[in-house]
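Down below is the structure, laid out as structure tokens.
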Amino acid sequence: MENIKSLYKDLYKIYGDVGKWWPGTSEEIFVSAVLTQNTNWKNVEKALENIYKYTNSKNILKDLHNFSQQEIAELIKPAGFFNLKAKRLKNLLSFLSNFDFNIEKLKNLDETFLRNELLKIKGIGKETADSILLYALNKPFFVVDAYTKRIIDRMYGIKEKNYDKVQKIFYEAYPRDTDLYQKLHGLIVEHAKSKCKKIPLCSFCELSLKCLFHTST
DNA sequence: CACCAGGCCCTAT
DNA sequence: ATAGGGCATGGT
């Protein structure tokens, strides 16, 4: 059935359990969430490698906080937009310093309050905030990205591009479940990345859809 | 050579 | 409210 409620199990049939999907420790996810903004993950990995060379894996955030904006920019060059992202990372690290870079302290805050606080940081938009909440802090916020919008358009003809409205569609179709959101978002990206490259139509999606329709009931 | 990638901010209508 | 430009590297 061509309902967004069946998206999870339809994709699950193809890709199976993708687990938590976003790689890295919670500390690393704060950094990669910024680095990956409009950037290929491969380039993010190169930047992360540079960061790992100069930080202690136990204290990446605290260590990075001690670098200047210029030094961070130099490290993250491969990820592109390095000057901009260096600033954004400094902003985020400055916020985290208020909690002594202690992830547990963040987890203890009210979720909605924390999301609003993250959104106040210059350079942290809704998608980055929700990525941090969902993958670094294991809070039930659904991440809406370019792939999400593309898939609901291709599969269900939903043209909505507004972040909040798309997110609402998922909140109304799925229960507030961290594990589910982590896997569903991962499945969506895996599916989109697997073949979908160019608009207007991804032949892989069409085939998958037909196949799924025929196999379900 | 062109185009894209796991966005966000700012400005101009 | 919404559209468009800037940010920048590396892969295809």
Side-chain angles (χ1 to χ4, degrees), chain A residues 7-8 11 15 18-26 28-51 69-95 115-139 141-154 159-168 170 178 181-205:
Chain A
L7 181 59
Y8 177 79
L11 291 176
Y15 303 100
V18 298
K20 189 176 179 184
W21 181 73
W22 194 304
T25 63
S26 292
E28 291 163 2
I29 292 172
F30 276 90
V31 177
S32 57
V34 170
L35 293 182
T36 197
Q37 291 171 353
N38 199 43
T39 298
N40 188 302
W41 184 260
K42 275 290 180 192
N43 288 356
V44 174
E45 286 181 326
K46 296 178 197 299
L48 288 173
E49 285 307 313
N50 285 338
I51 290 175
Q69 185 191 165
Q70 288 71 24
E71 289 169 329
I72 293 178
E74 194 60 34
L75 289 179
I76 65 173
K77 227 166 204 170
F81 304 135
F82 47 84
N83 289 316
L84 188 58
K85 287 174 180 174
K87 268 182 212 162
R88 293 178 176 179
L89 281 174
K90 289 295 278 182
N91 294 341
L92 177 58
L93 291 167
S94 170
F95 170 77
R115 185 174 193 268
N116 287 331
E117 291 302 301
L118 288 171
L119 290 175
K120 286 179 188 168
I121 302 168
K122 188 177 282 191
I124 306 298
K126 287 167 184 171
E127 184 184 337
T128 306
D130 286 334
S131 297
I132 289 170
L133 286 161
L134 181 62
Y135 290 106
L137 302 173
N138 293 309
K139 300 293 185 184
F141 289 88
F142 189 75
V143 177
V144 175
D145 56 19
Y147 294 145
T148 310
K149 293 170 186 170
R150 193 190 304 172
I151 278 195
I152 64 175
D153 179 9
R154 304 274 174 79
K159 304 286 188 191
E160 185 58 59
K161 300 300 177 202
N162 177 279
Y163 191 97
D164 295 327
K165 289 179 180 171
V166 173
Q167 193 175 45
K168 190 163 185 284
F170 279 87
T178 297
Y181 291 172
Q182 289 179 345
K183 290 173 177 170
L184 178 54
H185 174 241
L187 283 168
I188 288 171
V189 180
E190 287 305 313
H191 183 54
K193 275 167 65 171
S194 65
K195 300 288 178 194
C196 297
K197 283 294 182 187
K198 309 218 176 216
I199 25 209
L201 262 192
C202 161
S203 59
F204 187 69
C205 283

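So that the names make sense, note that chain A is the first sequence line, chain B the second, and so on, each numbered from 1.
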> Hey, is the side chain of A/R150 poking within less than 4.0 Å of OP1 or OP2 on B/dA5, counting only N and O atoms?
Replying inline: yes

Are there any protein N/O atoms within less than 3.5 Å of an N/O atom in nucleotides 8-10 of chain B, and if so, which ones and at what distance?
{"unit_1": "B/dC8", "atom_1": "OP1", "unit_2": "A/G125", "atom_2": "N", "d": "3.1"}
{"unit_1": "B/dC8", "atom_1": "OP1", "unit_2": "A/G125", "atom_2": "O", "d": "3.2"}
{"unit_1": "B/dC8", "atom_1": "OP1", "unit_2": "A/E127", "atom_2": "N", "d": "3.3"}
{"unit_1": "B/dC8", "atom_1": "OP1", "unit_2": "A/T128", "atom_2": "N", "d": "2.8"}
{"unit_1": "B/dC8", "atom_1": "OP1", "unit_2": "A/T128", "atom_2": "OG1", "d": "2.7"}
{"unit_1": "B/dC8", "atom_1": "O4'", "unit_2": "A/R88", "atom_2": "NH1", "d": "3.4"}
{"unit_1": "B/dC8", "atom_1": "O2", "unit_2": "A/R88", "atom_2": "NH2", "d": "3.4"}
{"unit_1": "B/dC9", "atom_1": "OP1", "unit_2": "A/G123", "atom_2": "N", "d": "2.9"}
{"unit_1": "B/dC10", "atom_1": "OP1", "unit_2": "A/K122", "atom_2": "NZ", "d": "3.0"}

> Would a 4.5 Å heavy-atom cut-off, applied to side chains only, mark A/V166 and A/N162 as touching?
Replying inline: no

> Going by heavy atoms in the side chains, are A/W21 and A/Q182 under 4.5 Å from each other?
Replying inline: no

> Residues two or more places apart in sequence or in another chain: which of them pass side chain to side chain contact (heavy atoms under 4.5 Å, CB included) with A/E71?
Replying inline: A/F67, A/S68

>> Tell me every residue that passes side chain to side chain contact (heavy atoms under 4.5 Å, CB included) with A/N38, counting only those two or more places apart in sequence or in another chain.
In response: A/F81

> A/D130 has an atom CG; how far is it from atom C1' of B/dG7, in whole Å?
Replying inline: 13 Å

> Please give, in whole Å, the distance from B/dA5 P to A/K149 NZ?
Replying inline: 13 Å

> Given that A/P78 and A/K165 both sit by DNA chain C, which one's nearest nucleotide is further toward the 5' end?
Replying inline: A/K165

> Taking for each residue the nucleotide of DNA chain C with the nearest heavy atom, is it A/N38 or A/K46 whose nucleotide lies nearer the 5' end?
Replying inline: A/N38

> Which is true for A/K77 with a 4.0 Å heavy-atom rule: it touches a base, it touches only sugar-phosphate, or it touches nothing?
Replying inline: sugar-phosphate

> Quantified in whole Å, what is the P atom distance between nucleotide B/dC8 and nucleotide C/dG10?
Replying inline: 23 Å

> B/dC4 and C/dG4: how far apart are their P atoms, nearest whole angstrom?
Replying inline: 15 Å

>> Would you say A/Y181 and A/N138 are linked by a side-chain donor-acceptor pair, where the criterion is simply a distance under 3.5 Å?
In response: no

>> Under the rule for ring-ring contact (aromatic ring centres under 6.0 Å, His included), what residues qualify as partners of A/F82, not counting sequence neighbours?
In response: none

> Taking NZ, NE, NH1 and NH2 as the nitrogens, is one of them in A/K139 or A/D130 under 4.0 Å from a carboxylate oxygen of the other?
Replying inline: no

> Salt bridge between A/E49 and A/K46, side-chain N to carboxylate O under 4.0 Å?
Replying inline: no

>> Under the salt bridge (Lys or Arg N to Asp or Glu O under 4.0 Å) definition, can you give me all pairs with a residue in residues 78-91 of chain A, not counting sequence neighbours?
In response: none

> Contact boundaries of DNA chain C with chain A (under 4.0 Å, heavy atoms), 5' to 3'?
Replying inline: C/dC7 to C/dG11

